[in-house]
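Just so it is clear, the model here is predicted, and its values are computed rather than measured. Note that these values count all heavy atoms, side chains included, but never hydrogens, waters or copies made by symmetry.
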Amino acid sequence: MHKAKKLAAIFAAVATAATFGGCVAPEINKPNEDEDYEINGQLPEEDINNPSGEITLPEQPEQQPGEEPPKTEEPAVPAVKPTVKTAAYVAVNSAGVNMRSGAGTQYSVVATAEKSTLYTYLGEKDGWYITRYRNRTVYISKKYCVITEMNKSADEQIEAVIAEGTNVLGTPYVYGAVRLHDGKGNMLKGFSINAFDCSSLMQYMFYNGANTLLQVNTRTQVYQGKTVTKSQLKRGDLMFFTNASRKNNTGVERIGHVALYLGDNWILHTASDYAKIEQINSTRWGYFIQAQRVL
């Protein structure tokens, strides 16, 4: 009798297990699988089987002699294009545009901007562009200007040299102006930031922007740096030209002018009137001799 009851209990348990084996039991308060937890006061099964907590990797098949190891594919890395930084300039598209000491017509007129030339862009305020002229901050109405951009050089020294030049745009041209130094770094008496000729301007820019010594005139500066052709021109290169009075000379005596190349056919220089940024016209290209890369 007792044996029959015991067998009946066993058959009932088997039947119950078979019934739930084909169903999904509802999950009640299932713990987060990403967290450590205990079940009924015990560690999970993997922790019971591995009380040390060490991770055991599956055994790898042995490599036979002379057999190449299995290749693993590297995940493809998307190509990232470098960001090209640009320098912004204010392009004046009307003649007789005033530069003022503040952002408004109530401020005094400092100078008159020249049409088709560029001035460095330093921001804007109340409808006026902020720029530099003759070593001071001035404002130009946005009504008469547009913003144009050029690619910057990756060399910070070149950009510092250019910044020194844009700071003194508008400075009068004076033939034979006193140089900043004698070509060896000895400062000269009588130098003034209010007067430049073409080679003294380049010497000033390179010394203050990059602590680089240029010689005292175009016919000595042309020997400095690496010679580059027209097709190789880059931002920051010195460009050397002849002129009407020297074009028939020979050798280095043909050289009569120097400018700094900015890119997109623009140069920063001073010639006969004042320091400015302007495009190279066909006449000047006809006078081009060579370029020198100093930085």
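- Using modelled atom types and a 3.5 Å distance limit, the side chains of T131 and T120 yield no donor-acceptor pair.
- There is a path of hydrophobic side-chain contacts, each under 4.5 Å, that joins Y133 to Y89.
- For E149, the CD atom sits in a packed shell: over 12 heavy atoms of surrounding residues, nucleotides or ligands are nearer than 6.0 Å.
- Residues T137 and R132 have side chains that bring a donor and an acceptor to within less than 3.5 angstrom of each other.
- A salt bridge between K85 and E159 is absent, with no side-chain N of the basic residue lying under 4.0 Å from a carboxylate O of the acidic one.
- Between the side chains of D155 and S153, not a single donor N or O lies within less than 3.5 Å of an accepting N or O.
- Considering only heavy atoms from C-beta on, R179 comes within 4.5 Å of S199 through its side chain.
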side-chain hydrogen bond (donor to acceptor under 3.5 Å, both in side chains) between R100 and S141: does it pass, once the steps are laid out? CA-CA 9 Å; R100 295 183 179 271; S141 175; over 6 Å; no
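- More than 12 non-hydrogen atoms from other residues, nucleotides or ligands lie less than 6.0 angstrom from OH of Y287.
- We find that D126 and K142 are not joined by a salt bridge, their nearest charged nitrogen and carboxylate oxygen being 4.0 Å or further apart.
- Residues L260 and V161 are in side-chain contact: their nearest non-hydrogen atoms beyond the backbone lie under 4.5 Å apart.
- In summary, the side chains of T227 and Q292 do present a donor paired with an acceptor at a separation below 3.5 Å, with no hydrogens or angles considered.
- Taking the ring axis of Y274 as reference, the NZ or CZ atom of K276 stays within 45° of it and closer than 6.0 Å to the ring centre.
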